[in-house]
Amino acid sequence: MRIMKSLASALILAAVLAAIPGITWADENGEIVSINKREFLARGLGRKGLDLLMERNGRIYIVASPADLASLFAAQVPFSRETDRFFPFEQAGISPAGGLNGAFHSTLELETELRTLERDHPQLARVVELGESLEKRKIYALKISGNVAVAENEPAILFAGCHHAREWISVEVPLLLGKHLLENYAGSPAIQDLVNRSEIWIVPIVNPDGLEYTIHAYRYWRKNRRFNADGSYGVDINRNYGYQWGYDNIGSSPEPASDVYRGTAPFSEPETDAVRRLFLSRSFRAMISFHSFSQDILYPWGYINAPTSKDAELEAIAGTMSGLIAAVRGTVYAYGRAAGLLYTTNGDTVDWAFGLAGIPAFTIELPPVDVDHGGFFNDEAAIDAIFRENLPAMLYLIGYAVQHPAPQASWLRDKAGRFRLPPGIGFIRKIDKDP
Ligand SMILES: [Zn+2]
């Protein structure tokens, strides 16, 4: 039934799309379009859950799904097709020897890399399977610590990448951090000290299904690959976390076809559930969720433009990290409260981490700064330099977490040490002991 219905609506949609002047190609993947900013604001399009790409020269650029295109057309919003400007199907700066994704890592390539690191550093590195994606791919974490086989209850720090499928550089930076820590442990007393006193958890690919889809089907895909009830695909897993999930329809969308669709419930997706189970099983004291692009360091809140109880501390850490990054080769990463600097988002990773545990939690939007410098497409030759400029900031945050005892609020755990949750944080399923 569902398939029949979605087929019928797909055919109607195809007919609508075929009637839109200037749209020569559109299937389930949609198009990039731009809309005059005044028009955009006058029609309240900022509140429609559209996937905003950027603002430039008085125009707002949107990654529009076929449903978005059809509704823009139906509402007689003038828009221009821009897809070709964004070289969507071929990526420059990729070496053919690396296959479709060049030096960037697919899920399988990541697994191979992580297993090699574990084999070469058995005392320090352990590959942990956090769970499985919808399409049954493993979600891998690399745990790095002195005596890694033992759960030592040391402060844990999380570095996560690739919530959003098309943000390939966000896989590479946390992965390279892991390699750097392991390969320099023996020779650097400073790294030895950090690694011995903490547990560093690196999850380079939170969204493996989406990532594979960007490699093999559509480079601009953002969400996971959930088959939704209306026949569309994907939940934005960076809108699916349980703190203030679905707070409004601006920071996420209730529409399944939207690129910022939040899912049917908090943690409805196995990918977010995997991160949650890891997070609740350890004593996390800081985290960074990597994304791209725009060179920003963002801290909560994202769901409203209001300060958290630790606004000054978060601002100070973000400012220090921004300074450390700039000192490497002059790249400027703006920093600020997420809802102030970017736009509101609800149900994202760092609001949840802060809302749950009160820890320093940051989204880092990696380079480039804008679409004219490549947007989601980083040259593979730039991977190492982007990692290098982020390294001091990442090491600083590990050191900060080690030196600052966890702000474990008393409401967070009951007498048996189990998490108790305040309202709004979402339903918690079984918690693994040491995933
Ligand atoms: Zn992202």
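Just so you know, ligand 1 is whichever comes first in the structure, and atom 1 is the first atom listed for that ligand. All figures in this text were calculated on a predicted structure; none of them were measured in a lab.
Counting heavy-atom neighbours within 6.0 Å of Arg115 CZ, excluding the residue itself, gives a total above 12.
Under the rule for a salt bridge (charged side-chain N to carboxylate O under 4.0 Å, His left out), the partners of Arg137 that lie at least two apart in sequence or sit in another chain are Glu135, Asp209. Residues that satisfy the side chain to side chain donor-acceptor pair (under 3.5 Å) test with Asp236, not counting sequence neighbours, are His164, Arg222.
Using modelled atom types and a 3.5 Å distance limit, the side chains of Tyr140 and Glu129 yield no donor-acceptor pair.
The Zn ion (ligand 1) is closest to atom ND1 of His291 (considering only N, O or S atoms). Within His164, the N, O or S atom lying nearest to the Zn ion (ligand 1) carries the name ND1.
In summary, an N, O or S atom of Glu167 is located under 2.8 Å from the Zn ion (ligand 1).
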